[in-house]
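Both backbone and side-chain heavy atoms feed into the values below; hydrogens, waters and symmetry mates do not.
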Amino acid sequence: MRPFTALLAVALTVALLFLVIPVAAIFANTAPSDLIHSLGDASARDALRLSLETSLIALAVIVLVGTPTAYLLATRRFRGRSVAITLIELPLVLPPAVAGIALLASLGPQGIFGGHGPQLVLTTAGVVVALTFVSAPFYIRQAQESFAAVDPRLMEASRTLGAGEARTFWQVAVPVARAGLLAGGALALGRALGEFGATLMFAGSFRGVTQTVPLAIYERFATDFTGALALSAVLVAISGALLASVKLAGRRAFA
Amino acid sequence: MRPFTALLAVALTVALLFLVIPVAAIFANTAPSDLIHSLGDASARDALRLSLETSLIALAVIVLVGTPTAYLLATRRFRGRSVAITLIELPLVLPPAVAGIALLASLGPQGIFGGHGPQLVLTTAGVVVALTFVSAPFYIRQAQESFAAVDPRLMEASRTLGAGEARTFWQVAVPVARAGLLAGGALALGRALGEFGATLMFAGSFRGVTQTVPLAIYERFATDFTGALALSAVLVAISGALLASVKLAGRRAFA
Amino acid sequence: GANDAHLTVSAAASLKQAFTAYQANDRYSFAGSDQLAAQIRAGARPDVFAAANTKLPDDLYAAGLVEKPKVFATNRLVMAVQPDSKIDALGDLGRPGVKIAMGSPDVPVGSYTRQVLGGLGPKLREAIMGNVRSNEPDVAGVVGKVTQGAVDAGFVYITDVRAANGRLKAVELPPPLEPQVAYAAAVVKGTKHPEAARRFVDGLPGASALSDAGFGRP
Amino acid sequence: MLSLEAQTTLGGFELDAALEAAAGECLALAGPSGAGKTSILRIVAGLHRPDRGRVSCDGELWLDTNAGTDVPPEQRRVGYVFQDYALFPHLSAWRNVAYALPRESRRERALELLDRLKIADRADARPHELSGGERQRVALARALAARPRALLLDEPLSALDARTRAHAGRELATALREADVPALLVTHDFAEASLLGDRVAVVDRGRIVQHGTAAELAATPGSAFVADFTGAVVLSGDAHPAEGLTRIALDGGGSIASTDTAAGRVAASVHPWDIAIAPPGDPAPGSAQNHLHAEVVSITAIGNRVRLGLDAGQPLAAEVTDAAIRDLGLKRGSRVTATWKASATRLVAL
Amino acid sequence: MLSLEAQTTLGGFELDAALEAAAGECLALAGPSGAGKTSILRIVAGLHRPDRGRVSCDGELWLDTNAGTDVPPEQRRVGYVFQDYALFPHLSAWRNVAYALPRESRRERALELLDRLKIADRADARPHELSGGERQRVALARALAARPRALLLDEPLSALDARTRAHAGRELATALREADVPALLVTHDFAEASLLGDRVAVVDRGRIVQHGTAAELAATPGSAFVADFTGAVVLSGDAHPAEGLTRIALDGGGSIASTDTAAGRVAASVHPWDIAIAPPGDPAPGSAQNHLHAEVVSITAIGNRVRLGLDAGQPLAAEVTDAAIRDLGLKRGSRVTATWKASATRLVAL
Ligand SMILES: Nc1ncnc2c1ncn2[C@@H]1O[C@H](COP(=O)(O)OP(=O)(O)OP(=O)(O)O)[C@@H](O)[C@H]1O
Ligand SMILES: Nc1ncnc2c1ncn2[C@@H]1O[C@H](COP(=O)(O)OP(=O)(O)OP(=O)(O)O)[C@@H](O)[C@H]1O
Ligand SMILES: [Mg+2]
Ligand SMILES: [Mg+2]
């Protein structure tokens, strides 16, 4: 191997070791029996169900609103566009707990709706709101890049072939950008499944209602450290499988 | 406006309102005098200094190791490449507190180094490790995409002009990918500045040593809610300025 | 010398104001007691561990991670409500529509709270438990929910209400139900400053900084 | 009848063009890179809205910036063959063609079109599995599918290699004849323009600078671009009047004369077949007023004639007969005099 | 002397080629898209390592897969002009050129080179501020900067419009002469190949299928690709022996004869200047054995000759004199008979 390639390989090895060893440690400290035991626990199962439900609903909301948003930002030039992009990115750098407080201050009983808005705080709906808030920027960012990478002439071709803007969006832009949209969706779903701080602040932690897996893990730290690690391992495995399968689906998009 | 454009505009408006209002609420609940007061507080200043220091050191480490890693993943094809990419992405989906436990379990006194490794737990160095762990994937992911977008013929041209691989990396790949690298760096820095859970678990919350701004905010929630909000506002302002300025620097890269 | 050594102290969040006044030069990490205990189990080695109960330090002692714990202060569990709240008795919490936050059963404040509720009649107890909307992993979460109006009331320590600077009002619990809230501290095994650490723990009972913050003597 | 009249600004670039094409007529657009050819097609298709202008087709008004009329592209029904084709990568060939067709019997009709263009056997292939020539035919089929009222073709052959291009050009000619609608065709190849275009419009810096049949352009190029485009040799130099003619001091040395009038920087164009070759030395007396000393740098026989590459300070090319080569004993490195008439020398200001 | 011999597999594609070029000689590589032309250059430059092969230049061994020798690209010192140039977008023109130069006096030397290619005034411009022609010159200057031992040029002119291309081609010819190293030039334009290439190698499906001077290729095309490439007309059909000749039943109807021997699917090529035009009806007696009824679809005067586009079931082109047009009174739509000799008809298997 030439020296430069060796250098690159060293960097990759260092990065991989550093990023993988801690994740591996979770599994190393979890006996298979712990895993099974943690899944046998009713409150763990409740948390898993709730996590999957709320994350998937949040993902649906994000995709529904975020996709046209990203398309608009990617394909039109207008005043304030780059301000809008920066604003959408801001939640990315918010500490999750601050995000939770921000949600509480704005959508809580003392927020813009006063006491008359939808009941979000400490409800399952609130979990969805918190997950949506912290995960949406991941999807929108990626979706915007994917739409921007679609050759604009494909969309123009669609127009000259008699398709209006809406049909062009559905039948050309979305299928062509599909791989990127899937990747963005996976990232957002992964972030939602791991969300802790904002959920706790905004929605609290109540078994079966607002206690998602990360909150359940946290609650177990004090009393059931092994159980907490086992539940973490389950979460990592689910998230990893998710990332990998989406990557596969994306690769098949054009096969 | 045609119906489809109107639809897109509605989606953008909904997304913007939802993502911006909570952030705005932080500022709305913070009187200017609170801001000044929070900056006058010695422990807040300590936290700001520590946050900036540790985040920047983490960023330096990430860029140093992550850049060659990303370059390798972007420009070479080898067995296990896509496994490596998925592994590098895994920390993205780890709940931060779990990430902290994972770090404790692997790099703590009972981890791979035993008691003989570097003192990381509850030290400033530990903060840097935690920040690096959670932020690195953001940079590596983006850097890899940026390097992959560099026309390979530019690097080949460099080789035929007598430049070895190392010089090609420095003088062609890095400058051409600069805008993307900067964006990735901003994202990682933003994530590091907002990091909470992993830092608390792995490094604790010792004023001046391991208490970063998000930890200081958290500590204030119970006792000094106004101060917590003010400090959040400061953090958001710094992060926002950072994102925007990096975007500007990236735009100027080719001016 | 050893006297000047800066100790690293992991302490319950509710001790923040008292401890910083007690020895300003030491390094404190304030967080939920259970979180701090989990850290120590996972290998973190502060010099001193001070918890908001006696159970966590006792468990760590049993696990051989800390020296024998010492009870150094008492606190009082109270109901925290907003200053203009109409809730002024434990019985009000059973009314329909009242929202309550409490610590999760695994954290000290949560187990004290459940102890209190255990002393009530089954009807009121179930009504109150039915109104619980969140089991917070630390006191800060409960305080945050009440100050923000997310819930109508929460169970916290009197010291937390005092630290909230008028944003919260304390409603005292009927004395017979009031739990024994004892804080225990222990020197962590393997500390590099065992002398200073022991001095720190030994000096705690009766320290004026603690009584100023509203803590009782053991 | 398609007619266009538009002014627009694109970045620093200004377009100001007017043109017409009758049904069944193909107007070729030629011009240097960045001249505005694609922009013209985009305005016709409704993909770019000019600052001011009018576009109409078959009496139907598509655009009138004064009246505020702007029919969206999907209602104009133009058949647009994009440069590089812009086929939908996620759809098979027949689905690309069917995109513009109504739901009922779309597959039958798409296959019918593909069959007419002799590519029905590749109907189920995705664009990336098609060769350049096959792609071009699918793109053409797609553009023709919805019975367009006008055809716009942006360098439809330039992505093809020589072999495929010759074939595809012939097929395109047939398709244009059959479609019987006005067509605009962008090309950078003179042979293509003359084969496919009934007339040629030369676009330069956003303006139509010359207009005529391919033969007219070759005979009287209006600019150095047109001269080069039609295959002429172009020499640059400084012109000044002399003895009733114009004399041009060439940049590489030497001087020639032209019957055209001009002054200052000019490009002088002459067709290779107008240049005769004589042995070196003093020119023989005759009517040809231009004599340049040159060295032969290449000799290529093309059918019954031979193309000589010459270096005369500036590069030059001459087309002569086989016999001339033999008589003069020419080979690479031979020194010769290139000779042509002042009246065969067209001047255009640079 | 540059010599190459390589076998390699790229995806499903197999390359098996051998070639040589002497110092000062330019070998043009022509061939359909995807034939492997770029791959050959990449192997020479060391950018692609073939499965088996040998590359040497000036007696120095660059690659020998048997011996395990593989000199990395940065030590081979080839000057490579990439298709679309691959200029460094972040560096100004002179810094692009200076990239290959040693630190001392790099600016002076870069400016000198840019000056020689008449573009020193744009030295401080970034690539995106340069026109196509200017970019081509910077790319050439960059490739020449480090005094390369071989030059590799991948369609150096194809990104240019006609006007710029003619100029740039002449400059390139001069530069090649001056550099005096072996050169490989990929092109898809016959005129370019004959102007710049001393010899032409035709690449098809990874193999060198024909080799010779441009004139030789035009006279005896070895494949339909070469015929088209050299400007001939290509007709497809089925061949079978008849009366000592080969008879070809054409796809669009009609039949022609050739003195070449072949059977089965063939392409018949004939040069436009070998085709004579006669009035419609029965052919006049004469030596020309091939007669096709055709309709005139286009008439283009090119200098002293006229190119007729014909439709004879398959498209056809003929080059005739002005006089012939006048005598026959030809115009679009006229019906004529196209006539040529069996001996002017080359056959290649399809
Ligand atoms: N959207 C745009 N914004 C800014 N400038 C533009 C835009 N579209 C085109 N231009 C500019 O307008 C000019 C004309 O472009 P156009 O694509 O019409 O040229 P063209 O004649 O088709 O060139 P080519 O032969 O290279 O395709 C160019 O200078 C181009 O840079
Ligand atoms: N890295 C690669 N992996 C797989 N296939 C490749 C690779 N590089 C080239 N090929 C294939 O090898 C063949 C030859 O490619 P090459 O680029 O050499 O052709 P070319 O003659 O230069 O074509 P063009 O005229 O289109 O530039 C093509 O079929 C191409 O798809
Ligand atoms: Mg164009
Ligand atoms: Mg190529």
| With a 4.5 angstrom heavy-atom cut-off, which part of Arg42(E) approaches chain B: side chain, backbone, both or neither? | side chain
| message | Need one label for Leu101(E): side chain, backbone, both or neither, based on atoms under 4.5 Å from any heavy atom in chain B. | response | neither
| query | How would you list, in number order, the residues of residues 137-158 of chain B that have a heavy atom less than 4.5 Å from chain E? | reply |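 Listed by number, the contacting residues are Arg153(B), Leu154(B), Glu156(B), Ala157(B), Ser158(B).
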| Residue-level interface, residues 49-64 of chain B with chain E, non-hydrogen cut-off under 4.5 Å | none
| task | Evaluate the side chain to side chain contact (heavy atoms under 4.5 Å, CB included) criterion for residues Phe88(E) and Val176(B): first the C-alpha distance (whole Å), next the side-chain angles of each, then the deciding distance (0.1 Å), finally the verdict. | result | CA-CA 8 Å; Phe88(E) 301 130; Val176(B) 172; 5.9 Å; no
| request: Count the heavy-atom pairs under 4.5 Å between each of Gly79(E), Pro148(E), Ala86(E) and chain B, then report the option with the highest count. | output: Ala86(E)
Around atom [atom1] of [X], are there more than 12 heavy atoms from other residues, nucleotides or ligands closer than 6.0 Å?
{"X": "Arg95(E)", "atom1": "CZ", "value": "no"}
{"X": "Arg77(B)", "atom1": "CZ", "value": "yes"}
{"X": "Arg205(E)", "atom1": "CZ", "value": "no"}

| field | Separation of Leu41(E) CG from Thr160(B) OG1 (nearest 0.5 Å) | value |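 If I round to the nearest 0.5 Å, the distance is 11.5 Å.
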| field | Minimum heavy-atom distance Pro72(E)-Arg159(B), with the two atoms named | value | CB-NH2, 4.0 Å
| task | Might you point out which heavy atoms bring Tyr99(E) and Thr168(B) nearest each other, and give the distance in Å? | result |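 Closest pair (atom of Tyr99(E), atom of Thr168(B), distance): OH-CA, 4.1 Å.
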| query | Checking His90(E) side chain against Val174(B) main chain: does a donor-acceptor pair fall under 3.5 Å? | reply |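 Between the backbone of Val174(B) and the side chain of His90(E) there is no qualifying donor-acceptor contact (under 3.5 Å).
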